[in-house]
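Every heavy atom of this structure was used, including side-chain atoms; hydrogens, water molecules and symmetry mates were not. Every chain is numbered from 1 and lettered A, B, ... according to where its sequence line falls, protein lines coming before strand lines.
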Amino acid sequence: MEESIFQPYIGSRPIFKMDRDILRPSFVPDRLPHREEQLDQLAQILATALRGDRPSNVLIFGKTGTGKTAVVKYIENELKKLDGGRAVQYVYMNCEIVDTPYGVLQNVANRFVENLSQRIPFTGLSTDRVYQMLVEKLDEEKRIVILVLDEIDKIVTKNGDDLLYQLLKINDDLTKAKVSLIGISNDLKFTEWLDPRVKSRLSDEKMVFPPYNAGELFDILQQRSHKAFDNGVAAESVLSLIAALAAQEHGDARRALDLLRVSAELAERAAEDRITEQHVQRAKNKIELDTVVEAIKSLPTQSKLVLLSIISNGEAGADRMTTGDVYGTYKELCRKTGMPVLTQRRVTDLISELDMLGLVHARVKSYGRGGRTKEVQSAVPFLEIKKVLEKDEFLAPVRGYRPKSQTTLI
DNA sequence: TCTCCACTGGAATTAAAGGCAG
DNA sequence: CTGCCTTTAATTCCAGTGGAGA
Ligand SMILES: Nc1ncnc2c1ncn2[C@@H]1O[C@H](COP(=O)(O)OP(=O)(O)O)[C@@H](O)[C@H]1O
C-alpha cells in the first residue's frame, strides 16, 4: 500500500472485525433480551390493527435506554411483515426535536404527501389550517395510522395538552382512516400536566419499562458483541465491567452500547487486538467529556456567558455562589463583549437550564435574612470548559478574564 | 415575627419567517 | 407587490410567594 498522509489515521488493516452500525442506537436487533413481556403486550394491543380495527392508545413509561423505542420499532417491523396491503402505517415523531403543535401536525401530514410541491410549509399557515390539511390527507385512504409520539412529555410541559386533545379526537373528523396514538415518556409524573379526559383517553393501555440491571445489560451486550466482533475481541470480563458501569447509570442500555463501541474504537486506534478494561475506563471518560463539550458548543451565546460567569467565579475561589453573584459577573462579561444584558429574571431561567443539562448544580436555598436564592456551583472542569467557551468568537474579548474580587461571594 | 433576595408563574412584547388575498 | 395574518422563540414586565436567620 502506498504511503499516505492519512496512513496513521485510517488504520491500514483492521486488527479485528467491527460492525459499527450494529452498535449504533438506530440498529434494531432481531431479538430483544429481557423485553419479552413488553413485546408480547404491545404485539397483542397492536394486532387489532391487522384485523382492520383501531388499536387502543398506549402510554409507555421508562427511563432513557430501557428499550422503549427499540420495542416499538421492533413491533413496527413485525407488523409490516404481516401487513401485505400496507393498510397499517406507522408514523414516528420525536417530540423533543419537533416540539411545537404546528411542527407535529405539519410533519405528520407531510409523511403522507409524496408530491414535493404540495408539502406543508414549516411556517406561515395557521395551526387549524394545518390540522385540516392533515385530516384531508389521512382520509384519502382507508388505513390505520399508528402515531408514535416519543418524548411526549416534552411537548406537554412546553405547550400544554391542546395538541394531544386535538389528536385524540381526530378520529371524529375521519371517515376512512383511523388513528391510534402511542405516547412514550421518560417521566412517570407527566400525566399530572394532562387534563383528566386527555389522560384517560391517552392511556387506554399503560406499559412500564423498568431499568435493566447489570445482568440484563450483560446479556444485551453479549448479544450485540457476538454480531459486531469476532470472538475474543470483547471478553466477558470486559462486558461485565461495561454492564456494571451502565447499571450505575440508571440501567441505560444506550450508555452500555456506547461504552462498548467507543471502547472498541479506542482499542482499534491503539492497534490492539482486543478490548481491555483500560479501554473501557478511557471510553467512559471520553464519553463524559465529549457529551459535555458537545452540549456546551451548541449553547446560545447568552447561556455561554452565564456559564462562563459561574466558572470564572468558581475559579476565583468562590466555588458556590448566589444568583446575584452570577448576575454581577455576567453583566460585566456582557459589557466587555458588547453583548446585550438580559434581565436577572431571564438569567435565573438560563441558570436553571444549565442545571438541567447537568453543567452546573443549582438549588434554591434560604439564607435567612440573607434572602432566598439559588446556590450555584459549576459541575464541569474549569480549564477544559473555559477553553471550549473561549472558542466562541463572541466571547473573544473576555479570553483570560478574571472577575473583580467580589466580597459577597459565599 | 420580620425581612431579605430572589424564586416563580404568567401575560405582554418583539422580531423572524412566510403564506395568502387583493 | 403589499399589507395582514399566523406561529414560534426569546425576552421583558409585573407581582405574588417564601424559608429561615436575626
Ligand atoms: N432488550 C434489549 N436488547 C437489545 N438491545 C436493546 C434492548 N433494550 C435496548 N436496547 C438498545 O439500547 C439502545 C437504546 O434503547 P432505546 O429503545 O432507544 O431506549 P429508549 O427509547 O427507552 O430511550 C438501542 O440501541 C437499543 O437497540
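- Put simply, Lys158(A) has a side-chain N or O that comes within less than 4.0 Å of OP1 or OP2 on dA9(C).
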Please produce a list of atom pairs where a protein N or O lies less than 3.5 Å from an N or O of nucleotides 20-22 of chain C.
unit_1  : atom_1 : unit_2    : atom_2 : d
dA20(C) : O4'    : Ser366(A) : OG     : 3.1

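- Using a 4.0 Å cutoff on non-hydrogen atoms, the parts of residues 95-104 of chain A near DNA chain C are Asp99(A), Thr100(A), Pro101(A), Tyr102(A), Gly103(A), ordered by number.
- By the side-chain hydrogen bond (donor to acceptor under 3.5 Å, both in side chains) test, Asp187(A) pairs with no residue at all, sequence neighbours left out.
- Take Arg335(A) and apply the side-chain hydrogen bond (donor to acceptor under 3.5 Å, both in side chains) test, not counting sequence neighbours, and it matches no residue.
- Counting only N and O atoms by type, the side chains of Ser352(A) and Lys374(A) include a donor and acceptor under 3.5 Å apart.
- Under 3.5 Å, the side chains of Tyr401(A) and Glu390(A) contain no donor-acceptor pair of N or O atoms.
- Using modelled atom types, one finds a donor on one side chain and an acceptor on the other under 3.5 Å when comparing Thr175(A) with Asp139(A).
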Query raised in the report: Can you give one letter per nucleotide of nucleotides 11-22 of chain B, going 5' to 3': B for a protein heavy atom under 4.0 Å from the base, S for sugar-phosphate only, - for none?
Result: ------BBSS--
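- Asn110(A) and Gln106(A) are linked by a side-chain donor-acceptor pair at a separation below 3.5 angstrom, with hydrogens and angles left out of the test.
- Nucleic acid contact class of Val347(A) (heavy atoms, under 4.0 Å, all strands): none.
- Here Thr323(A) does not reach the OP1 or OP2 of dC5(B): none of its side-chain N or O atoms lies under 4.0 Å away.
- Scanning all heavy atoms of the two residues, the minimum distance from Ser56(A) to Glu205(A) falls at CB-CG, 3.7 Å.
- Within 6.0 Å of NZ in Lys63(A) there are 12 or fewer heavy atoms belonging to other residues, nucleotides or ligands.
- Exactly one residue among Arg254(A), Lys284(A), Arg255(A) makes a side chain to side chain donor-acceptor pair (under 3.5 Å) with Glu249(A). That residue is Arg255(A).
- Residues Tyr212(A) and Arg35(A) have side chains that bring a donor and an acceptor to within less than 3.5 angstrom of each other.
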Expected rows: protein N/O vs nucleotides 8-10 of chain B N/O, under 3.5 Å:
unit_1 : atom_1 : unit_2    : atom_2 : d
dT8(B) : O4     : Arg345(A) : NE     : 3.4
dG9(B) : N7     : Arg345(A) : NH2    : 2.7
dG9(B) : O6     : Arg345(A) : NE     : 2.6

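- Screening Thr348(A), Thr323(A), Val326(A) for a side chain to side chain contact (heavy atoms under 4.5 Å, CB included) involving Thr373(A) leaves a single residue, Thr323(A).
- Within a 6.0 Å sphere centred on CD of Glu140(A), other residues, nucleotides and ligands contribute more than 12 heavy atoms.
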